[in-house]
Amino acid sequence: MPTYSLDHLDQIEAEAIYILRETAAQFQNPALLFSGGKDSIVMAHLAAKAFWPARIPFPLLHVDTGHNFTETIDYRDSFAEKLGARLVIGSVQASIDSGRVREEKGPFASRNSLQTVTLLDTIESQKFDACLGGGRRDEEKARAKERFFSHRDEFGQWDPKNQRPELWNLFNGRYHPGEHFRVFPLSNFTEMDVWMYIQREGIELPALYFAHEREVFARNGALLAVADCVPMLETEKAVKKTVRFRTIGDITCTGAVESTASNLDEVIAEVAAARQTERGTRADDKRSETAMEDRKREGYF
Amino acid sequence: MDLLRFATAGSVDDGKSTLIGRLLYDSKSIFEDQLIAVEESSRRRGDAVVNLALLTDGLRAEREQGITIDVAYRYFATPRRKFIIADTPGHIQYTRNMVTGASTADLAIILVDARKGIIEQTKRHAFVSNLLRIRHLVLAVNKMDLVDYSEQVFQDIVGSFYEFASRLDNVADITPIPLSALNGDNVVEKSDTMPWFKGSSLLYHLETVYTGGTANHVDARFPVQWIIRPLSQEYHDFRGYAGRIAGGVFKPGDAITVMPSGFSTRIKKIHLPGGKELDEAFPPQSVVMTLEDEIDISRGDMLVKANNPPEASQDVEAMVCWFSHQPMQSRGKYLLRHSTKETKAIVQELRYLVDIETLHKKEGASALGMNDIGRISLRTAAPLFYDSYRRNRLTGSFILIDPGTHETVAAGMIV
């Protein structure tokens with residue numbers, strides 16, 4: 001009697017593939033939110049597998065804050081080309097220039113919250129009815145309550161107290177005009193699962209994820225990269241350190257960790273021993289106790 | 001590594017959050033910054049002890065009210081297994097969230113306060129677990145420290161639970177464990193405080209219990225989800241049927257029938273996502289199949305083995321749990337989603353309602369309200385290809401959607 005059992009990575013992969021295909025089937029015009037971070041890279045890799053031997057039947061959407069690591073943009077362009085995927089870019093700079101949003105001022109300014117407006121404007125102008133995101137439930141306590149198919153009202157808002165129940169394999173993606181969905185195929189991946197999957201699949205990552213020398217300074221317990229768009233206070237000092245990034249977002253709020261892990265095996269060993277969450281280096285989560293829920297309600301990723 | 005999905009149900013008073021907090025903390029799945037954040041919040045709120053519930057109750061409304069409202073999913077791993085916890089509320093007014101969490105679980109932990117014994121809530125949790133066909137139950141008798149670790153108290157509770165559980169026809173095994181989540185007795189390590197207990201700790205049980213999953217490996221069922229037509233030079237004539245195996249085992253060369261058209265052909269090849277060829281495919285794999293003949297097949301059709309078809313009917317009997325504020329009406333019309341198929345459905349009759357406090361059937365009820373569970377008969381516009389829920393969770397389940405609001409208003413299990 002053969003035993004029909006699947007390894008946990010095979011199980012969560014099969015689930016993510018099912019969600020990606022379900023998104024293509026239930027929506028008219030989906031897009032895959034691509035930030036150049038490891039989760040969205042894994043999601044795009046899964047999308048390429050889900051529709052093999054056809055191309056991914058939707059575009060990649062990048063919301064560009066203009067405050068990027070150059071490595072991210074280079075990686076984004078070559079990755080999209082390799083997949084043969086169309087790339088749509090929503091520009092936060094354009095939203096600022098056209099007066100849709102006002103830039104935060106001061107040394108702690110971040111374009112993180114401005115992204116929401118650009119994202120929602122792009123969804124509206126491109127008539128996207130579903131945006132695939134790389135969010136995981138283990139990342140943050142508000143995300144632990146997130147659905148695979150997550151409804152957004154006509155203002156792009158999430159209502160966590162009134163979510164559609166999701167049972168078995170059955171997903172309800174019906175919406176009224178003007179509403180849309182966020183879909184999270186990686187919901188059941190943990191940070192460790194993502195790294196193990198990257199290793200198993202041999203997925204290439206931007207060099208930022210591995211140890212390198214960089215000028216950084218300490219702020220709020222995180223190490224921020226020295227860059228033109230991040231003004232330093234007089235009391236803050238730039239130092240050269242060997243660091244890597246555990247998450248990659250906008251340069252103004254993505255903190256580095258000191259690390260010598262220069263390959264996947266070493267990174268996985270480091271993740272396994274880590275005593276801080278990966279979002280512990282994200283300044284954007286530290287603004288309040290329910291910062292993530294509050295941003296998500298407004299329409300954030 | 002192996003994966004176990006389990007559900008917990010309970011309220012803060014039962015020590016559910018403390019128990020989960022301890023499993024996460026002792027398996028090093030809680031990080032220092034999370035713990036510091038919870039300690040700070042607890043202090044600000046004036047809680048006497050560090051309130052581990054704040055780790056799981058993440059929504060603003062939950063933190064304000066001190067209760068679990070929605071299902072939260074939690075993750076932890078030991079060197080033996082990966083775990084996904086569906087952490088659900090215990091109160092009767094959130095039964096629908098409990099049903100949601102139970103729908104994908106292989107095992108349920110039923111929490112009992114040793115001082116209170118088996119109460120209505122315990123029975124309700126066991127009833128919902130059984131209804132959703134969770135085959136393995138753990139009866140976790142918590143707060144043993146408050147009853148002097150008494151063997152007699154434990155045995156009495158276990159005895160009365162078994163008496164009640166004889167009616168739970170889907171449950172294969174029940175494992176009672178006495179513990180104290182607060183002190184960590186029998187949670188991760190076996191405790192010296194209860195030398196009379198010969199069983200294993202909760203974590204050891206979770207790591208080693210054999211569940212075999214809930215998948216059906218007998219009746220071959222492949223609901224077609226998406227058609228792959230690359231139309232490229234290299235794959236000019238490729239026509240693949242993508243989907244997730246919902247039951248049985250498929251092999252290249254197998255004779256299959258397409259429902260509803262009834263056409264028969266053979267499987268040419270089965271590919272994993274990305275293209276790797278498979279000798280056989282089984283649940284819950286997502287695959288792409290190619291067939292020997294060109295047949296008209298679309299999303300919502302089902303490929304099955306010719307000699308073992310599912311039921312095909314427009315009339316089904318089902319147990320449903322109602323989710324909506326708007327009660328279910330007799331003769332009410334809804335959209336029904338079953339596997340990858342969507343069709344219209346009309347409620348023919350509400351046969352009876354289950355009183356989830358006493359578990360008695362109430363006949364003659366006219367409507368199902370939010371959180372009610374009852375048996376109904378339905379007629380669908382197009383035939384469904386189904387198995388009973390007892391035989392296959394994936395081909396025996398459906399949801400009802402309100403065509404006006406688009407809300408998911410019910411979950412159904414075909415009898």
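Only heavy atoms go into these numbers, but all of them, side chains included; no hydrogens, no water, no symmetry mates. Numbers restart at 1 for each chain; the letters A, B, ... are given by sequence-line order, proteins then strands.
In this structure, CD1 in I84(B) is found 7.0 Å from CD1 in I12(A), a value given to the nearest 0.5 Å. Expressed to the nearest 0.5 Å, how far OG of S397(B) lies from CG of L170(A) amounts to 5.0 Å. Taken to the nearest 0.5 Å, the CG atom of L3(B) stands 10.0 Å off from the CG atom of L6(A). Here OH of Y73(B) is found 12.0 Å from CD of E146(A). Values are rounded to the nearest 0.5 Å. Note that CG of L335(B) is 8.5 Å distant from CG of N172(A), once rounded to the nearest 0.5 Å.
A side-chain donor-acceptor contact under 3.5 Å links Y75(B) and N188(A). For the residue pair R244(B)/N169(A), the side-chain donor-acceptor check at 3.5 Å is satisfied.
With a 4.5 angstrom heavy-atom cutoff, A48(A) does not touch chain B via any of its atoms. Looking at L4(B), there are no atoms closer than 4.5 Å to chain A (heavy atoms on both sides), in backbone or side chain. The contact between H338(B) and chain A is made entirely by backbone atoms, counting heavy-atom distances below 4.5 Å. Both the backbone and the side chain of T100(B) come within contact range of chain A, with heavy atoms under 4.5 Å apart. Using a 4.5 Å cut-off between heavy atoms, I227(B) does not touch chain A at all. Neither the backbone nor the side chain of V409(B) comes within contact range of chain A, judged by heavy atoms closer than 4.5 Å. Only the side chain of R299(B) comes within contact range of chain A, with heavy atoms under 4.5 Å apart. For I399(B), the parts lying near chain A are the backbone and the side chain together; criterion is any non-hydrogen pair under 4.5 Å. Of the two parts of R137(A), the backbone and the side chain both hold a non-hydrogen atom closer than 4.5 Å to a non-hydrogen atom of chain B. The contact between E15(A) and chain B is made by backbone and side chain atoms together, counting heavy-atom distances below 4.5 Å.
Checking side-chain atoms of Q11(A) against main-chain N and O of P284(B) turns up no donor-acceptor pair under 3.5 Å. A donor-acceptor pair under 3.5 Å is formed between the side chain of R337(B) and the backbone N or O of F171(A). Remark: the backbone N or O of A14(A) is paired with a side-chain donor or acceptor of S286(B) at under 3.5 angstrom.
Ring planes of W168(A) and Y389(B): perpendicular class, angle over 60° (limits at 30 and 60°). The aromatic rings of W52(A) and F238(B) sit perpendicular to each other, their planes meeting at more than 60°, with 30° as the lower class boundary.
A salt bridge is absent between R74(B) and D138(A): the closest approach of a Lys/Arg side-chain nitrogen to an acidic carboxylate oxygen does not fall below 4.0 angstrom.
Among R81(B), E407(B), R96(B), Q225(B), the residue making the largest number of heavy-atom pairs under 4.5 Å with chain A is Q225(B). When each of G275(B), G101(B), S339(B), A411(B) is scored by its heavy-atom pairs under 4.5 Å with chain A, the top score falls to G275(B). Interface summary for chain A: among Q285(B), E342(B), H217(B), the most heavy-atom pairs under 4.5 angstrom belong to H217(B). Between chain A and the residues A246(B), P273(B), P230(B), the most heavy-atom pairs under 4.5 angstrom are made by P273(B).
Within a 6.0 Å sphere centred on CZ of R86(A), other residues, nucleotides and ligands contribute 12 heavy atoms or fewer. Environment of CD in E204(A): sparse, with no more than 12 heavy atoms of neighbouring residues, nucleotides or ligands closer than 6.0 Å.
For G404(B) against H176(A), the heavy-atom pair with the smallest separation is O-NE2, 2.8 Å. Shown here for F323(B) and P165(A), the closest heavy-atom pair between the two residues is CD1-CG, 3.4 Å. Residues I228(B) and P53(A) share a closest heavy-atom pair of CG2-CD, 3.9 Å.
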Exercise. Show your working on side-chain contact (heavy atoms from CB on, under 4.5 Å) between H406(B) and R164(A) and close with a plain yes or no.
Key: CA-CA 10 Å; H406(B) 296 165; R164(A) 293 180 185 177; 3.5 Å; yes
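Side-chain contact between M1(B) and L9(A) is absent, with no heavy atoms from C-beta onward closer than 4.5 Å. Here the side chains of R174(A) and I401(B) are in contact, with some heavy-atom distance below 4.5 Å. Looking at heavy atoms from C-beta onward, Q163(A) lies out of side-chain contact with N97(B) at the 4.5 angstrom threshold. Within the 4.5 Å cutoff, the side chain of D193(A) has heavy atoms near those of the K82(B) side chain. Side-chain contact between S5(A) and D2(B) is absent, with no heavy-atom pair separated by less than 4.5 Å.
Note on residues 226-236 of chain B: no pairs pass side chain to side chain donor-acceptor pair (under 3.5 Å), not counting sequence neighbours.
With sequence neighbours excluded, the residues that form a salt bridge (Lys or Arg N to Asp or Glu O under 4.0 Å) with E201(A) are K49(A).
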